Colleague: 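Here it is: the structure, laid out below.
Along the sequence shown, the residues carry numbers beginning at 1. Here the structure is a predicted model, which is why all the values come from computation and not from measurement. All ligand and atom numbering here is 1-based and tracks the order in the structure.
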Amino acid sequence: MFTIDAHLDLSMNAMEWNRDLRESVFDIRERENGLTDKPDRGNSTVSFSELRKGEVGLVVATQIARYVAPGNPLPGWNSPEQAWAQTQGQLAWYKEMETCGEMMMIENTNDLDRHVNIWMNRPDEKKAIGYILSLEGADSLVTLDHLERAYEYGLRAIGPAHYGPGRYANGTDSTGHLNENGKALLKEMERLNIILDATHLCDDAFWDAMEIFHGHVWASHNNCRTFVNDNRQFSDEQLRVLIQRDAVIGAAFDAWMLVPNWIHGKSEPKEMNCDLQKVINNIDHICQLAGNTLHVGIGSDLDGAFGKEQCPYDLETIADVQKIPSLFAAEGYSPNDIENLMHGNWLRFLQRAWR
Ligand SMILES: [Zn+2]
């Protein structure tokens, strides 16, 4: 079934993990033999061929570069200008992948309709992976003029925060209300009709953003706090507000966000009983809160600095997202419900946002 994944860090993998996504995941793993510089070396689950095998024809793909102030222990760049330059390198990779026919940028409803039609109706062709450009963490926007430039080259969604303190908003594992820059960023995003990705906003910033921002909101890769009690996941109260705002919430496949008490670098998916059913449970929980299947989707994050060592054990590569429809059918979900969550909700959201 045609599938949309609302969160992949494809260019980060190409530029920082040095992965050529045109190779098979098995070749990518092979080439990383012996490398220990990243936690997920040799365990990648995402490549263009696996995306095609999994019928993942449209993704939300990120630019991502953090600014770190002196004393911030997280990895990142020492100035916003360096972070901006990093995102421009990431954009250059997406453009090269367009040139060689692997990817296709989707910027408006015309692009979207044409692309989805090709994926749904021309089964035998080698098709480009459509991507909507998103920015995870806004630190790299040196000024708001940079935001307008980014919109011009195709940026369509922004998560103002990532992990830790940010220049515009504080993110996961951090606290604090939006500063003046953060408020101004939201206003400018609203003016340009850029989608707000609520994922990674710390609780204070989340509630501020819900009040200040009147545009379209989604949560590209976010699970439920009711299963894993940590600030990275949303509480039922937050999920209810997102549902009221007509948001779609993408389920993430990162093991620590699926099962409680995960220890990074130590826990293993099998022993922690982390399987795709846990993804189903997160999506089902949001459907129960909403009373329908209209606010859920997939935002796997499967290349977000983790791989097989930290994802459901019954997933070998991203192609295994095609196991999800039958798991939902076993829960009593109708074919129409399953279409909603595999692609329909993201599509309708985009058509609404870009109308
Ligand atoms: Zn993330």
Colleague: Tell me which N, O or S atom of E136 sits nearest to the Zn ion (ligand 1).
Modeller: OE2
Colleague: Return the name of the atom in H200, of element N, O or S, nearest to the Zn ion (ligand 1).
Modeller: NE2
Colleague: Which heavy atom of P312 sits nearest to which heavy atom of V279, and what is that distance?
Modeller: CG-CG2, 4.4 Å
Colleague: Linking directly or through intermediates, with side-chain heavy atoms under 4.5 Å: list the remaining ILVMFWY members grouped with W17, chain and number order.
Modeller: M12, I64
Colleague: Between W84 and W77, does the ring centre distance come in under 6.0 Å?
Modeller: no
Colleague: Decide if atom CG of D230 counts as having more than 12 heavy atoms of other residues, nucleotides or ligands within a radius under 6.0 Å.
Modeller: yes
Colleague: Quick check on the Zn ion (ligand 1): does H221 put an N/O/S atom closer than 2.8 Å to it?
Modeller: yes
